[in-house]
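Below is one structure, written out as structure tokens; the observations come after it.
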Amino acid sequence: MRHRIAVVGSGPAGLTFARVLHRHDYPVTVLERDPAPDARPPGGTLDLHEGLGQLALDKAGLLAEFQALSRPEGQAMRILDTAGTVLRDWRPRPDDRANPEIDRGQLRDLLLGPLDVQWGRDVTEIVPGTRDGVLVHFADGRQETFDLVVGADGAWSRTRPAVSPVTPHYTGVTTVETSLDDVDTRHPDLARLIGDGSVAVYGVNRKLVAQRNSGGHVKVYAQFRAPLDWHTNLDLADVEAVRSSLLALFDGWAAPVLGLLRHGTAFVHRPLYVLPVSHTWAHVPGVTLLGDAAHLMPPLGVGANLAMLEGAELAESIAAAPGPGDLDEAVRAFEEQMWARAGRWAKITTAGLERLVSPDPTEALAHFDEVQPS
């Protein structure tokens with residue numbers, strides 16, 4: 001008799017977990033609070049690393065389909081100074097598949113495939129240790145029990161309190177995101193500035209990054225150090241007011257660079273939160289966490305990759321558990337492995353954020369040279 005397993009959240013971690021279990025003919029219930037897959041914008045683009053996200057997709061049997069959808073040219077990276085001078089212009093080799101890009105929406109649809117997701121199931125509380133198993137409470141008043149609940153529900157996880165009292169804290173760095181559509185036709189100068197992948201400009205305690213998605217869509221990220229309440233006197237719903245505030249914040253930067261903000265269509269405020277670098281918890285039978293729910297770290301291209309690999313590894317461990325009494329031991333062993341690896345990456349990304357949004361912009365350039373030699 002198979003265990004009753006649920007995963008909360010249909011992001012990369014939860015869907016990879018469910019898809020690998022599905023590949024092993026193991027039933028799993030996916031609980032997602034959004035009412036439909038396209039209920040909100042899926043976000044920008046992800047670079048999936050060979051030994052992390054791509055390995056997870058291989059375990060799910062989806063690597064070939066990913067390679068057909070991905071954009072290896074999106075690995076290109078250009079760095080400018082605030083005067084618009086090109087400092088680095090790195091372009092991948094034609095056969096370079098180390099970190100190809102894929103839109104989050106395309107990745108979601110690839111992972112969804114045949115999965116039966118229960119949309120509109122808003123989890124409010126997880127209660128382990130009941131007589132019938134782990135009790136899941138929903139916003140509509142319903143309840144359901146499982147043998148294992150996997151929390152893949154992100155930074156503000158509803159599952160995390162069942163195993164840990166820790167909550168995310170603000171890094172001191174905030175991001176304001178905007179977008180450009182049909183960039184090659186409508187903004188050809190900006191298209192040339194961005195190139196095939198991304199362009200980054202580093203100043204004192206702030207940076208601008210523009211990143212190509214598919215279909216001529218570009219995401220722009222203004223990132224800077226500021227108090228969490230920096231926008232107290234600013235109406236974030238007022239597009240022109242936010243634009244003016246950002247242009248003032250980046251005053252003196254080259255006009256072509258500021259064009260990334262001048263032509264943005266809407267602005268979304270995303271302060272950066274993290275969990276403690278070495279976040280662990282005393283093992284709780286019947287509940288565990290994946291991805292940002294377990295180890296929220298600065299967004300330096302690693303989080304989704306780790307989350308997907310964790311989902312795949314946990315699924316394989318569960319599928320390989322020889323008997324009904326071995327589920328808990330499989331989860332416990334997985335957690336130990338996850339904590340060690342995530343702790344290493346959390347230290348790397350925390351140090352990286354300090355250098356990329358720094359009083360000394362040369363630190364960002366040095367960091368790039370270490371990670372991606374020119």
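We count residues from 1, following the sequence as given. All values below come from the heavy atoms of this structure, side chains included, with hydrogens, waters and symmetry mates left out. Quick caveat, the model's predicted, so the values are computed rather than measured.
A salt bridge does not link D153 with R160: every distance from a Lys NZ or Arg NE/NH1/NH2 to an Asp or Glu carboxylate oxygen is 4.0 Å or more. Between E316 and R23 there is no salt bridge, since no side-chain nitrogen of the basic residue lies less than 4.0 Å from a carboxylate oxygen of the acidic one. With respect to the salt-bridge test (charged N to carboxylate O, under 4.0 angstrom), the residues R71 and D196 do not qualify. D103 and K219 are not joined by a salt bridge, as no carboxylate oxygen comes within less than 4.0 angstrom of a charged side-chain nitrogen. Between E240 and R243 there is a salt bridge, since at least one side-chain N of the basic residue sits less than 4.0 Å from a carboxylate O of the acidic one.
Taking both residues in full, the closest heavy atoms of N305 and G53 are given as OD1-N, 3.0 Å, listed atom of the first, atom of the second, then distance. When all heavy atoms of P276 and H169 are compared, the closest pair comes out as N-CE1, 4.1 Å. Residue Q118 comes nearest to L31 through the heavy atom pair OE1-CD2, 3.6 Å, listed as atom of the first residue, atom of the second, then distance. Contact between V163 and W281 at its shortest, heavy atoms only, is O-CB, 3.3 Å. Closest of all the heavy-atom pairs between A191 and D184 is CB-OD1, 3.5 Å. Looking at every heavy atom in both residues, E310 comes nearest to F334 through O-CE1, 3.4 Å.
No single ILVMFWY cluster, assembled from side-chain heavy atoms under 4.5 Å apart, contains both L48 and W345. Hydrophobic cluster membership is shared by V136 and V28, with clusters built from Ile, Leu, Val, Met, Phe, Trp and Tyr side chains linked at under 4.5 angstrom. In the hydrophobic clustering of this structure, L296 does not group with V150; members are Ile, Leu, Val, Met, Phe, Trp, Tyr whose side-chain heavy atoms approach within less than 4.5 Å, directly or through other members. Both F368 and L87 belong to a single network of hydrophobic side chains, linked directly or stepwise wherever heavy atoms of I, L, V, M, F, W or Y lie under 4.5 Å apart. In terms of hydrophobic clustering, with Ile, Leu, Val, Met, Phe, Trp and Tyr side chains grouped at heavy-atom distances under 4.5 Å, I318 and L309 are assigned to different clusters.
Proximity of a side-chain donor or acceptor of R2 to a complementary backbone N or O of P27 within less than 3.5 Å is not detected. Judged purely by atom type and a 3.5 angstrom limit, R158 uses its side chain to pair as donor or acceptor with the backbone of V123. Remark: the backbone N or O of V357 is paired with a side-chain donor or acceptor of R225 at under 3.5 angstrom. For H295 (side chain) and W339 (main-chain N/O), no donor-acceptor pair under 3.5 Å exists by modelled atom type. The main-chain N or O of A266 is found under 3.5 Å from a side-chain atom of T178 such that the two form a donor-acceptor pair. The backbone N or O of R4 sits less than 3.5 Å from a side-chain atom of D147, completing a donor-acceptor pair. Using a distance-only test at 3.5 Å, with no hydrogens or angles considered, a donor-acceptor pair links the side chain of R19 to the main chain of L111. Under a 3.5 Å cut-off, the side chain of H283 and the backbone N or O of V331 do not form any donor-acceptor pair. Between the side chain of S164 and the backbone N or O of P161 there is no donor-acceptor pair closer than 3.5 Å.
Using cut-offs of 30° and 60° for the angle between ring planes, the F250 and W253 rings count as perpendicular.
Among M308, R341, M338, the one residue that satisfies the side-chain contact (heavy atoms from CB on, under 4.5 Å) test with E313 is R341.
Side-chain atoms of E335 and T288 include a donor-acceptor pair closer than 3.5 Å. Side-chain contact annotation: D360 with S358, donor-acceptor N/O pair under 3.5 Å absent.
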**Study point:** Verdict with supporting geometry, D34 and R40, side chain to side chain contact (heavy atoms under 4.5 Å, CB included)
**Key:** CA-CA 8 Å; D34 284 349; R40 55 192 170 105; 2.7 Å; yes

Point to revise | Verdict with reasoning, V183 to R212, per side chain to side chain contact (heavy atoms under 4.5 Å, CB included) | key: CA-CA 9 Å; V183 68; R212 274 191 184 265; 3.8 Å; yes

Practice item. Evaluate the side chain to side chain contact (heavy atoms under 4.5 Å, CB included) criterion for residues Y273 and L228: first the C-alpha distance (whole Å), next the side-chain angles of each, then the deciding distance (0.1 Å), finally the verdict. Key: CA-CA 10 Å; Y273 287 84; L228 189 56; 3.4 Å; yes

Review point. Step by step, would you call Y221 with Q211 a side chain to side chain contact (heavy atoms under 4.5 Å, CB included)?
Key: CA-CA 8 Å; Y221 305 94; Q211 187 175 42; 4.3 Å; yes

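Separation of atoms CG (D109) and CG (L69) is listed at 9.5 Å; rounding is to 0.5 Å.
With sequence neighbours excluded, the residues forming a side-chain contact (heavy atoms from CB on, under 4.5 Å) with W230 are T174, V176, F224, A226, P227, L234, S245, H269, listed by chain and number.
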